[in-house]
Amino acid sequence: MIDLRLIRDSPELVREAIRKKGIGEEHDVDEVLRLDAKRRELLQEVQELRARRNRLSQEIGRLKESGGSPNELVVEMREVSSRIKELDGQLRPVEERLQTLLLYIPNIPHPDAPVGPDETHNVEVDRWGEPRNFEFPPKPHWELGTSLRILDFERAAKVTGTRFTVFWNAGARLVRALISFMIDLHVREHGYAEVLPPFLVNEQAMVGTAQLPRFREDSFKVEGYDFYLVPTAEVPVTNLHRGEILEADQLPLYYVAYTACFRSEAGSYGRDTRGLIRQHQFDKVELVKVVTPETSYQELEKLVREAGEVLRRLGLPYRVVEMCTGDLGFAQTRKYDLEVWMPSYQRYVEISSCSNFEDFQARRANIRFRRSRKSRPEYVHTLNGSGVAIGRTIAALLENYQCSDGSVVIPEALRPYMQGMDRITPGD
RNA sequence: GGAGAGAUGGCUGAGUGGCCGAAAGCGCUCGCCUCGAAAGCGAGUAGGCGGGUAGCCCCGCCUCGUGGGUUCGAAUCCCACUCUCUCCGCCA
């Protein structure tokens, strides 16, 4: 949520953001301005009446105390009270509508974010490693995984449906190894605290990180409960501090969390239908930062390096792309994607997304900090980034490390987590 | 699943209809004292919203888990919900 005062003072800035992102309605801004004015008008009147009520109430109390008869005052009180009730009745729908509209207005892009309508305007800012030259026709990971008997899409379809996977044997172990490898890296070398949050969250948490109310169709809800399956660990982890006022010396907070992630992938029928790239359930190690406003952009750059370290250790070629305004999400001001080289796609594929939200989520989730004992609370800045997506990492490992006989070499960094196993061959 | 208890400021905890945004204690901040510290003494110490003046000051309104109700008036009475705790049962 953006600051109502910003809309009041610079509505054109907000309209421009809506245009650049292609998310939201410009006329919502006008309605916000109208409702805000209306609200303040009603509020002033009702507050004066309440002040009157408080004074009358005191007088009645005093009169009764001294044995007097407050009848006339009680009559006036009745009138004042019913008028207050009436105005409250007018005020409430105004405030509710205003609040809802604010939840639908997107965050303002950073001035340095490249402007453009779609991904063709994204900007590559870094590149690491060389895509390998295969001396044989490389296979896609779904073929490799199936013939190695570590990925089983057919049985997953039987027990659940399409876009699910069963991992067998070395495949299952590989998932576990990657989770541990990534968490260890971020804890030991990047100073993150390990968190294992719930995989179900309530509606308020989803609103806090801005998945709701706008993107309801993207998530899975548990029938009969106020529970959503987490689409990313960002939701439970960022919301850990919902409603809190933190001390300045607690910041920055760095959290690393593994969760399974659940996404409906509504509207992507027919895209990436094979393999691990687009699943309803996938594993991910997520990095979340809660920081002071003045540090958030340098924290974003650091986040990109920390996520990239995972790929460098695994020897996977990747590039870093800065998202243009049209590719920025609803809540982000600035975002970098890490894209790993995927031989079957013959291109780089997103494997991590690192974003700054500034105070957008903090305002929704009411996460603040105090610079000193005496100072007013301010909103923190929040960031997050994948560190990184496990399923896509497995796809990239299988494809990039495949051999002509269909076996797959396990990169050095992962072997300690695989009981020393250095290669997956059929039967493992 | 059954039975019961509870939810008040950073913490403990008082408050059963008006004088209560709220006693007391602890903690914390500042000052005095001291060579310094402790102790002691004094002062201060929630958040939000609206308005004024304009910078960090004044005025008002709201908030005692959440939402509704009773009442001229609710932290206090009634209802619903959420959460926490205890006991029994069940269970990974």
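The chains referred to below are lettered A, B, ... by the order of the sequence lines, with proteins before strands, and numbering in each begins at 1. We use all heavy atoms of the structure for the numbers below, so side chains are in, but hydrogens, waters and symmetry mates are not. Here the structure is a predicted model, which means the values were calculated and not measured.
Side chains of A:Leu151 and A:Leu398 form a contact here, defined as non-hydrogen atoms less than 4.5 Å apart. Inter-residue side-chain proximity for A:His241 and A:Leu246 is flagged as met; some heavy-atom pair is nearer than 4.5 Å. For the pair A:His186/A:Val310, a side-chain contact is recorded, criterion being any heavy-atom separation below 4.5 Å from C-beta on.
Salt-bridge annotation for A:Arg8 and A:Asp3: absent, with no side-chain N of the basic residue lying under 4.0 Å from a carboxylate O of the acidic one. Between A:Arg83 and A:Glu86, at least one side-chain N (NZ, or NE/NH1/NH2) sits under 4.0 Å from a carboxylate O, which counts as a salt bridge.
A:Phe262 and A:Phe199 have their aromatic ring centers separated by at least 6.0 angstrom.
Between A:Gln58 atom CD and B:rA74 atom P there is a gap of 14 Å when expressed in whole angstrom units. Counting to the nearest Å, the P atom of B:rG17 and the CD1 atom of A:Ile60 are 18 Å from each other.
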Nucleotide-resolved protein contact map, nucleotides 45-70 of chain B, B/S/- at heavy-atom distance under 4.0 Å = --SSBSS--------BSS-----S--
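Regarding contacts with the backbone of B:rG73, a side-chain N or O of A:Ser81 is found under 4.0 angstrom from either OP1 or OP2.
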Symbol by symbol from the 5' end, with Watson-Crick or G-U pairs under 3.5 Å, [ ] crossing and | another strand, RNA chain B is ((((((((.[[[..)..(.....]]]((((((.......))))))(((((((....))))))).[[[[[..)....]]]]])))))))....
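Between B:rA74 and B:rG21, the distance separating the two C1' atoms is 14 Å to the nearest Å. Comparing the P positions of B:rC32 and B:rG17 gives a spacing of 46 Å, expressed to the nearest Å. Separation of the P atoms belonging to B:rA22 and B:rG27 is 23 Å when rounded to the nearest angstrom.
If you check the side chains of A:Arg176 and A:Tyr417, you find no donor sitting under 3.5 Å from an acceptor.
Each salt bridge (charged side-chain N to carboxylate O under 4.0 Å, His left out) pair with one or both residues in residues 242-252 of chain A, not counting sequence neighbours, would appear here, but there are none.
Nearer to the 5' terminus of RNA chain B, by closest-nucleotide assignment, is the contact made by A:Ser57 (compared with the other of A:Ser57 and A:Leu73).
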